[in-house]
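Here is the structure we will look at.
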There are 2 protein chains.
Amino acid sequence: MRKKRTTIYDIAEKLNITASSVSRALNNSNYVNENTKKLILKTAAELNYKRNTIASNLRSGQSKTIGIVVPRINQNFFANVIAGIEDATYEKNYNLIICQSNEQEEKEVKCVNTLINQQVDCIVISVSADSHDHTHLKNVIEHGIQLIQFDRVVDELETLKVINDNEQASLEAVSHLIEQGYKRIALLEGPQNLDIFKQRKAGYLKALKKHKIPVVHDLIIENAWTKELGAEGTRKLLSMPKPPDAIFASTSDFSALGVLEVATAMGFKVPSELGICGYSNEAFTEITSPSITTIDQFSIYMGKTIANLYFQEMENKETEVIPKIISIKPKLIIRSSTSRKG
Amino acid sequence: MRKKRTTIYDIAEKLNITASSVSRALNNSNYVNENTKKLILKTAAELNYKRNTIASNLRSGQSKTIGIVVPRINQNFFANVIAGIEDATYEKNYNLIICQSNEQEEKEVKCVNTLINQQVDCIVISVSADSHDHTHLKNVIEHGIQLIQFDRVVDELETLKVINDNEQASLEAVSHLIEQGYKRIALLEGPQNLDIFKQRKAGYLKALKKHKIPVVHDLIIENAWTKELGAEGTRKLLSMPKPPDAIFASTSDFSALGVLEVATAMGFKVPSELGICGYSNEAFTEITSPSITTIDQFSIYMGKTIANLYFQEMENKETEVIPKIISIKPKLIIRSSTSRKG
DNA sequence: TTGTATGCGTTATCAA
DNA sequence: TTGATAACGCATACAA
């Protein structure tokens with residue numbers, strides 16, 4: 001069923017020249033007669049010739065392909081980062097191979113290996129939640145493949161990194177809550193083996209300390225990073241004898257949504273009796289009632305940054321000093337769910 | 001910087017055998033001594049050998065890669081379809097190359113050509129809004145590459161297709177509105193060069209006809225397929241001397257959201273004075289107030305269906321009759337924005 | 001069961 | 001400016 005494709009030999013044969021000349025013309029080399037070049041290009045178009053990138057890649061030893069591994073493709077943040085990367089790489093004729101780890105280390109390892117097999121030039125990864133062993137990532141480096149971590153990074157691995165300043169963002173969010181007069185602020189935290197969640201917690205603690213508010217450990221709920229878990233944690237919190245007057249869902253807006261739903265169901269008024277702050281600026285946070293205060297991570301921009309970082313690193317090998325870690329400052333988006341003053 | 005990778009020759013050399021034996025062992029051929037096979041596999045692991053998929057693909061003439069072209073990666077529906085495809089193809093060790101056309105025909109053509117160059121085995125595409133010429137798609141077929149269209153398909157192109165039954169879904173949605181007592185039902189329609197939007201309009205017209213409601217052309221708003229355009233159309237509709245009592249935003253939930261915002265701002269009560277129905281079951285439709293009635297397209301399932309369709313088609317070449325078009329019946333999700341009866 | 005030889009389509013090097 | 005040839009790494013038909 002697969003018909004034979006036109007190759008440079010077909011073109012050469014038809015024009016009574018050699019494949020080398022055809023190859024040169026197709027690559028716009030200067031060492032071809034202008035007229036034969038035109039003729040070759042014309043014939044190539046007539047024969048509907050398409051370059052065999054695989055053969056070309058095998059010969060040249062590079063694939064012009066970037067591999068991406070994310071926990072889930074269809075999560076807003078990741079989809080946006082990928083879109084950003086695609087945008088920036090498209091112009092340079094790079095391809096993207098996308099894999100999702102489904103938050104499982106085992107699948108993550110398989111994905112990474114596949115990408116190594118594929119001879120990708122660069123692997124961009126945000127590690128999965130249950131990722132603990134990192135030999136597969138070291139392997140990437142050993143194979144001479146550029147490794148760029150983003151968002152969820154493994155700190156001890158010395159690679160290029162593009163991250164959000166999570167601690168600062170959390171600090172600002174919690175400070176904002178305090179300024180709004182909230183005094184018992186609860187934290188929904190994410191898996192602490194992921195640095196991003198550690199940092200968000202650190203920002204929370206820092207804000208409390210800065211404002212001399214004591215840390216109440218009962219107000220910190222572990223592993224509340226889905227809507228359901230967020231809801232569950234909220235039920236617990238709001239049933240306490242002294243419930244919190246604000247909840248910082250540091251894991252995600254989904255978790256914050258869980259908070260909002262439970263709070264509303266339990267008759268707590270938002271924001272007057274309970275302040276809510278999420279994380280990620282998912283589209284829906286703007287249209288809930290009340291709308292949810294959250295933190296924008298500039299995800300598309302983050303993708304573009306990742307791509308450009310790679311290109312820079314390629315171009316100036318050892319000629320320029322390149323920052324190894326790019327930290328993007330997220331932005332606190334203040335909305336109704338935390339606005340009880342002016 | 002890129003170190004030399006281990007090849008089958010390195011393994012062969014080390015074990016004093018030939019590359020063919022190594023190749024056979026690595027491919028789990030039966031024509032290798034069990035012991036040497038074990039030895040080879042062990043040595044391969046020791047040397048951190050990774051198969052060069054590019055070379056392998058060049059040799060075997062197939063790439064085990066599926067190319068995907070969608071208007072936007074970070075749109076919920078497409079992200080979900082891709083996630084579904086990834087899920088189903090991952091087990092079979094297929095790779096995905098993802099491109100976005102940004103709704104531009106020119107970029108779509110470039111994407112498709114890149115994928116042809118990459119020797120992908122299959123191209124999965126949902127055409128962009130301004131797509132008119134389809135020679136690039138015919139080209140895919142001419143190159144012996146399996147072409148699967150989904151959602152936004154070009155009808156006249158005889159390829160495998162996975163679609164939603166848009167007409168039926170719209171018919172049900174509008175019928176539901178009528179049953180709820182709405183009498184002047186407006187339609188926000190999408191670009192009519194895309195079949196999906198034609199079909200949705202057809203469903204709308206069919207429902208009116210079925211219930212003997214006359215078509216009022218002023219109630220049909222063209223090209224209202226973003227939140228902004230939906231809002232604009234709604235302002236127009238609700239300013240009419242005889243405004244509609246329901247709006248079917250057949251293009252998307254975003255458009256429906258625009259309707260809801262404008263309606264609320266203009267003081268129309270939803271659903272009592274104005275019914276609203278969207279399309280796609282975006283996550284946010286569940287949490288607006290009121291929640292929005294919409295149509296679920298089973299996007300992840302759609303992705304899996306696409307992948308399985310490809311595998312079936314590959315396996316039973318000419319042995320079985322395969323349906324060329326798979327139509328998935330979307331589901332009407334009735335929520336508050338249209339519920340004014342018991 | 002193993003080895004030999006060849007080709008997949010392209011490009012780089014060298015010679016003409 | 002063009003042509004001949006080798007090489008990228010792997011897989012397979014054929015011979016041994």
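Order of the sequence lines sets the chain letters (A, B, ...), proteins ahead of strands, with each chain counted from 1. Just the heavy atoms: all of them, side chains too, but no hydrogens, waters or symmetry mates, feed the values below. Since we're looking at a predicted model, the values are computed, not measured.
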**Complete:** What one should report as the nearest heavy-atom pair of B/Ser29 and B/Lys37 is O-NZ, 3.2 Å
**Asked** Near A/Tyr301 OH, under 6.0 Å, is it more than 12 heavy atoms from other residues, nucleotides or ligands?
**Response** no
**Request:** Measure the distance from CD on B/Glu13 to P on D/dG9 and round it to the nearest whole Å.
**Result:** 14 Å
**Asked** In residues 14-24 of chain A, what residues come within less than 4.0 Å of DNA chain D, judged by heavy atoms?
**Response** A/Ile17, A/Thr18, A/Ser20, A/Ser21, A/Arg24
**Request:** Nearest whole angstrom, please: distance from the P of D/dC8 to the NZ of A/Lys64.
**Result:** 22 Å
**Request:** Starting from P on C/dG9, measure out to CG on B/Asn117 and report it in whole angstrom.
**Result:** 14 Å
**Prompt:** Less than 4.0 Å between a side-chain N and a carboxylate O, is that true for A/Lys92 and A/Glu315?
**Reply:** yes
**Fill in**
Rounded to whole Å, the OH-C1' distance (A/Tyr9 to D/dA4) equals 10 Å
**Request:** Give, ordered by number, those residues of residues 34-59 of chain A having at least one heavy-atom distance below 4.0 Å to an atom of DNA chain D; if nothing qualifies, reply none.
**Result:** A/Thr36, A/Leu58, A/Arg59
**Complete:** Here the distance between atom P of D/dA11 and atom CG of B/Asn30, to the nearest Å, is 16 Å
**Salt bridge A/Lys42-A/Glu46, side-chain N to carboxylate O under 4.0 Å** = yes
**Prompt:** Expressed in angstrom and rounded to an integer, what is the separation of B/Asp10 atom CG from D/dC8 atom P?
**Reply:** 11 Å
**Item:** Salt-bridge present (A/Lys110, B/Glu91; N to O < 4.0 Å)
**Value:** no
All N/O donor-acceptor pairs, side-chain side in residues 66-75 of chain B, below 3.5 Å, sequence neighbours left out:
unit_1  : atom_1 : unit_2   : atom_2 : d
B/Arg72 : NH2    : B/Asn102 : OD1    : 3.4
B/Asn74 : ND2    : A/Asn80  : OD1    : 2.6

**Message:** Please report the distance, rounded to the nearest Å, between CD in A/Gln118 and P in D/dC10.
**Reply:** 13 Å
**Fill in**
Whole-Å distance, A/Asn27 CG to C/dG9 P, equals 17 Å
**Asked** Among all residues two or more places apart in sequence or in another chain, which pass the side chain to side chain contact (heavy atoms under 4.5 Å, CB included) test with A/Asn117?
**Response** B/Lys50, B/Thr53
**Rounded (10°) bend between the five-pair end axes of the helix from C/dT1-D/dA16 to C/dA16-D/dT1** = 40°
**Request:** May I ask you to decide whether A/Lys107 forms a salt bridge with B/Glu86, counting only side-chain N to carboxylate O separations under 4.0 Å?
**Result:** yes
**Sole candidate of B/Gln119, B/His143, B/Glu142 that passes side chain to side chain donor-acceptor pair (under 3.5 Å) when paired with A/Arg5** = B/Gln119
**Request:** For the residue pair B/Tyr94 and B/Tyr310, categorise the inter-ring angle as parallel (less than 30°), tilted (30 to 60°) or perpendicular (more than 60°).
**Result:** perpendicular
**Prompt:** For B/Lys64, which residues count as a salt bridge (charged side-chain N to carboxylate O under 4.0 Å, His left out) partner, sequence neighbours excluded?
**Reply:** none
